[in-house]
Amino acid sequence: MTDSFEFVLEPYDTKTERGVTGTVGAFGEVRVFHTRGRHIRPGDILRTEVVSERLPDTYLTNIGMAGEPYLSKKATLSVGGILAGLAYNPLGLRRSARALFIGLAGREYGYASTGEGHAVELRRGGDVRVGFVDGPHVRKTSGHRRFGTAHGPVDAMDMAIALVFERVDVAWLSTGGMLATAPFRMISSQNDGDGRAR
């Protein structure tokens with residue numbers, strides 16, 4: 001567990017990965033990425049991973065675009081070998097109605113858009129919060145610097161969950177993103193949105 005702190009994640013691109021990396025307080029160096037390449041086809045299962053010596057092995061898999069998985073009922077989220085339950089309603093009219101709810105190892109989390117600049121926040125109970133917001137675009141990469149804040153007794157499981165979503169398409173959390181991703185959701189026929197955990 002750790003006290004409140006701030007940190008910065010820098011975007012990076014290589015021939016095989018697109019992600020963010022940085023030092024996250026007492027959790028040390030982390031890397032969050034999805035694979036990329038010319039051989040990714042529609043319907044392929046894509047994977048985002050969190051790599052760190054001080055965080056549990058964490059990944060999310062699903063279909064998506066350009067190597068980045070997107071969130072649906074068919075997504076698989078694993079933290080330290082434990083599979084999470086995911087529940088949400090991407091058709092909700094308000095941001096709070098579209099929040100993602102995560103059940104993992106007896107814990108309950110909420111993950112929601114909190115405003116402009118792709119601002120998001122993971123919450124556990126009333127004390128634990130991990131948030132991210134866009135900083136400036138970084139030249140020679142495809143991404144923005146991400147400013148992170150952690151409040152309360154954030155532990156390794158909390159941080160791993162918050163980090164993995166930094167390279168998952170959760171555009172539907174915001175109103176604009178919900179409208180922009182609607183065509184892809186219709187094409188992919190994911191049949192998600194009933195708000196029940198798997």
Is it the case that one hydrophobic cluster holds both [X] and [Y], taking links as side-chain heavy atoms less than 4.5 Å apart, direct or via other members?
| X | Y | value |
| --- | --- | --- |
| Leu55 | Ile82 | yes |
| Phe33 | Tyr70 | no |
| Leu46 | Val164 | no |
| Val30 | Val138 | no |
| Leu104 | Leu163 | yes |

When rounded to the nearest 0.5 angstrom, what distance separates [atom1] in [X] from [atom2] in [Y]?
| X | Y | atom1 | atom2 | result |
| --- | --- | --- | --- | --- |
| Leu100 | Phe165 | CG | CZ | 5.0 Å |
| Asp44 | Thr61 | CG | OG1 | 12.5 Å |
| Arg31 | Arg167 | CZ | CZ | 12.5 Å |
| Glu166 | Phe132 | CD | CZ | 4.5 Å |
| Leu77 | Leu71 | CG | CG | 8.5 Å |
| His144 | Glu10 | NE2 | CD | 12.5 Å |

Evaluate the side-chain proximity of Val130 to Met159: yes if any heavy-atom separation is below 4.5 Å, no if none is.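 A side-chain contact under 4.5 Å exists here.
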If you count heavy atoms of other groups shown closer than 6.0 angstrom to CG of Asp134, is the number above 12?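 More than 12 within 6.0 Å, yes.
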Should we count CD of Glu108 as having more than 12 external heavy atoms under 6.0 Å?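 Check fails, neighbour count at 12 or below.
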Please name the pair of heavy atoms, one in Ala112 and one in Ala99, separated by the smallest distance, quoted to 0.1 Å.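 Scanning both residues, the minimum pair turns out to be CB-CB, 3.9 Å.
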Examine Arg47 relative to Tyr59 and say whether NZ or CZ is less than 6.0 Å from the centre of the six-membered ring and inside a 45° cone about the ring axis.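 Yes, Arg47 lies over the aromatic ring of Tyr59.
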Checking side chain to side chain contact (heavy atoms under 4.5 Å, CB included) between Pro69 and each of Thr48, Ile63, Asp169, which is the one that passes?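 One option only clears the test, and that one is Thr48.
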Are the side chain of Ser52 and the backbone N or O of Glu29 linked by a donor-acceptor pair below 3.5 Å?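 The answer is yes, because a donor-acceptor pair under 3.5 Å joins these two groups.
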For the pair Arg54 (side chain) and Ala156 (backbone), establish whether a donor and an acceptor sit closer than 3.5 Å, ignoring hydrogens and angles.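 Answer holds: no.
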Any carboxylate oxygen within less than 4.0 angstrom of a Lys/Arg side-chain nitrogen, looking at Arg107 and Asp155?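 Between Asp155 and Arg107 there is a salt bridge, with a charged N closer than 4.0 Å to a carboxylate O.
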For Arg36, is there an ion pair with Glu68 - N to carboxylate O distance below 4.0 angstrom?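 Arg36 and Glu68: not salt-bridged.
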What's the verdict on side chain to side chain donor-acceptor pair (under 3.5 Å) for Ser72 and Asn62, showing C-alpha distance, side-chain angles and the deciding distance? CA-CA 8 Å; Ser72 77; Asn62 199 17; 3.0 Å; yes
Kindly state whether the ring of Phe7 and the ring of Phe5 have centres lying under 6.0 angstrom apart.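 Yes, the ring of Phe7 comes within the 6.0 Å limit of the ring of Phe5, centre to centre.
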